[in-house]
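What you see below is based on every heavy atom in this structure, not just the backbone, and it leaves out hydrogens, waters and symmetry mates. The model shown is predicted, which means the values in this text are computed figures rather than measured ones.
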Amino acid sequence: MTASLKKVRASMMNAIHDLPLLVAGDEGFFRDEGLDVEIVRTPGSGQRDSDHQALRANVFDRTMEALYDQGACDQFRMCEWGVMKRAVESTVTSGHRAAKIVALGSAMSTFAIVTAPKSRIYEPEQLKDKPIGVSPFNGSHFTTLKLLEGFLKREQIRTTFAGTMKERLDAVSRGEVAAVSLMEPWISIAEMRGLRVLMESHSTRSEAAGDELDGATLAKMFRAEASAAEAIQKSPVRYAHYLIEEAGGLLELKDLKLSRILNAAPEPYTRERFEHTYQWTLGWGLVAPGATYENTVDNRAWQ
């Protein structure tokens, strides 16, 4: 008799962030590890017709967070700084289901700062005191700060809420903001429309889970995601359809820059990484004080 598969519910938002999760499910890598992983899809900023619940400034009001708080999913991933914020604030404040950082994740999502040609902005220094469209406490927000603080003083970097990726693209095209932060497939859409990429960088995901999900199960999930990451890197074109579908008809495969799709095996979240990321986030006033490596991180998948 075949042993029954262990059920796990993992949530996702945007394809570029969660590609290894999707591929591990579709290619049977989770099943190979003895897992039945239900992927709970929640709105993110990347879907063409997404609502704004994924963009609320209070992270606990967002769809994915609300579902996790209610016990409707067991595990999730976001940008490294977003997971840090969620894990820290569930530790130092009351009333929310605890979440620990359980891995440095498998997806390295590209973010780019994009301007319109008519803006005559050609270098990051020209964004001094000019509005840059992001969504608060999401990867676009954190990565924009990371990218620009090498060129501008912190007080010269001005971010503003500008909605979903599509709304941001429209806003910068109309001249309502000086620049916007975009991820794929929206960077490729912007390039297709003649907009200018000033600078870009990969932004690593982190994995989070509650104490209820044991280390052995997490290890199986991460092995499956590692297999998926390897498959994606061997043939990104095979899995590009996830991103094309998210754009809702605004992009064809030939216009998607496949080199921006980067994934790797999940790995333990080290003390050094925690201290660097937490202190940076704390320094920007983006996370609550009082967290420690011991109460925020749990690498039980490798124990």
Side-chain angles (χ1 to χ4, degrees), residues 5-6 8-40 73-84 86-87 99-111 139 142-143 146 183-184 200-210 213-243 257-277 293 296-303:
L5 301 175
K6 179 163 184 175
V8 180
R9 295 165 300 178
S11 67
M12 67 153 289
M13 292 189 292
N14 303 297
I16 192 67
H17 303 332
D18 298 286
L19 201 53
L21 185 75
L22 294 168
V23 172
D26 287 350
E27 297 287 9
F29 297 139
F30 285 132
R31 184 170 292 273
D32 292 343
E33 292 286 346
L35 301 177
D36 176 13
V37 176
E38 176 189 352
I39 298 177
V40 181
C73 65
D74 309 302
Q75 198 268 337
F76 62 91
R77 67 215 39 76
M78 297 188 293
C79 74
E80 181 180 4
W81 308 285
V83 166
M84 178 70 72
R86 174 59 172 85
K100 295 284 184 68
I101 301 172
V102 293
L104 191 64
S106 52
M108 286 67 173
S109 309
T110 302
F111 281 92
F142 298 116
T143 308
K146 275 279 189 178
M183 63 191 180
E184 286 292 17
E200 62 183 270
S201 175
H202 284 99
S203 162
T204 306
R205 306 293 92 192
S206 284
E207 304 265 357
L213 198 56
D214 62 274
T217 300
L218 282 170
K220 293 176 181 179
M221 292 186 68
F222 297 156
R223 285 197 297 269
E225 289 180 38
S227 297
E230 183 178 3
I232 296 165
Q233 293 314 116
K234 283 182 178 178
S235 180
V237 69
R238 180 176 177 180
Y239 305 105
H241 65 89
Y242 294 101
L243 278 71
K257 191 170 181 179
L258 295 175
S259 62
R260 290 196 179 104
I261 299 175
L262 180 63
N263 299 273
E267 59 185 53
Y269 201 83
T270 66
R271 182 181 295 273
E272 180 182 9
R273 184 95 184 196
F274 169 81
E275 293 295 345
H276 176 81
T277 303
Y293 181 77
T296 309
V297 179
D298 189 338
N299 290 311
R300 59 185 179 271
W302 287 274
Q303 296 170 354

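Side-chain contact check for D26 and Y242: at least one donor-acceptor pair (N or O, by modelled atom type) lies under 3.5 Å. T217 and K6 share a donor-acceptor pair across their side chains, judged by distance under 3.5 Å alone.
Put simply, the side chain of S235 never gets that close to the backbone of A231: no donor and acceptor are under 3.5 Å apart. Using a distance-only test at 3.5 Å, with no hydrogens or angles considered, no donor-acceptor pair links the side chain of E80 to the main chain of S203. Under a 3.5 Å cut-off, the side chain of D298 and the backbone N or O of V102 do not form any donor-acceptor pair.
The number of heavy-atom neighbours closer than 6.0 Å to CD of Q303, taken from other residues, nucleotides and ligands shown, is above 12. Open room surrounds NE2 on H276; 12 or fewer heavy atoms of other groups in view lie less than 6.0 Å from it.
Here the closest heavy-atom approach between residue G105 and residue E207 is recorded as CA-CG, 3.9 Å. Shown here for S206 and V83, the closest heavy-atom pair between the two residues is O-CG2, 3.5 Å. Taking every heavy atom of both residues into account, Y269 and L104 meet most closely at CE1-CD1, 3.7 Å. Of all the heavy atoms in L21 and I39, the pair that sits closest is O-CD1, 3.6 Å.
With contacts defined as side-chain heavy-atom distances shorter than 4.5 Å, the pair M84/F274 qualifies. Using a 4.5 Å heavy-atom threshold, the side chains of W302 and F222 count as touching. Residues R31 and L5 meet the side-chain proximity criterion, which asks for heavy atoms closer than 4.5 Å. Between P266 and R205 the shortest side-chain heavy-atom distance does not fall below 4.5 Å. Q233 has its side chain within reach of L262: a pair of non-hydrogen atoms, C-beta onward, lies under 4.5 Å apart. Residues E200 and R260 have side chains in contact (heavy-atom distance under 4.5 Å, counting atoms from C-beta outward).
D214 has no carboxylate O lying under 4.0 Å from a charged side-chain N of R300, or vice versa, which leaves the two without a salt bridge. One finds a salt bridge joining E27 and R238 here, because a Lys/Arg side-chain nitrogen approaches an Asp/Glu carboxylate oxygen to under 4.0 Å.
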message = As a quick check of understanding, evaluate side chain to side chain contact (heavy atoms under 4.5 Å, CB included) for H17 and R77, giving each step before the final call.
response = CA-CA 8 Å; H17 303 332; R77 67 215 39 76; 5.5 Å; no

task = Evaluate the side chain to side chain contact (heavy atoms under 4.5 Å, CB included) criterion for residues Q75 and L218: first the C-alpha distance (whole Å), next the side-chain angles of each, then the deciding distance (0.1 Å), finally the verdict.
result = CA-CA 9 Å; Q75 198 268 337; L218 282 170; 4.2 Å; yes

task = List the steps, then state whether side chain to side chain contact (heavy atoms under 4.5 Å, CB included) holds for M221 with D74.
result = CA-CA 12 Å; M221 292 186 68; D74 309 302; over 6 Å; no

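Rounded to the nearest 0.5 Å, atoms CG (N263) and OG (S109) are 7.5 Å apart.
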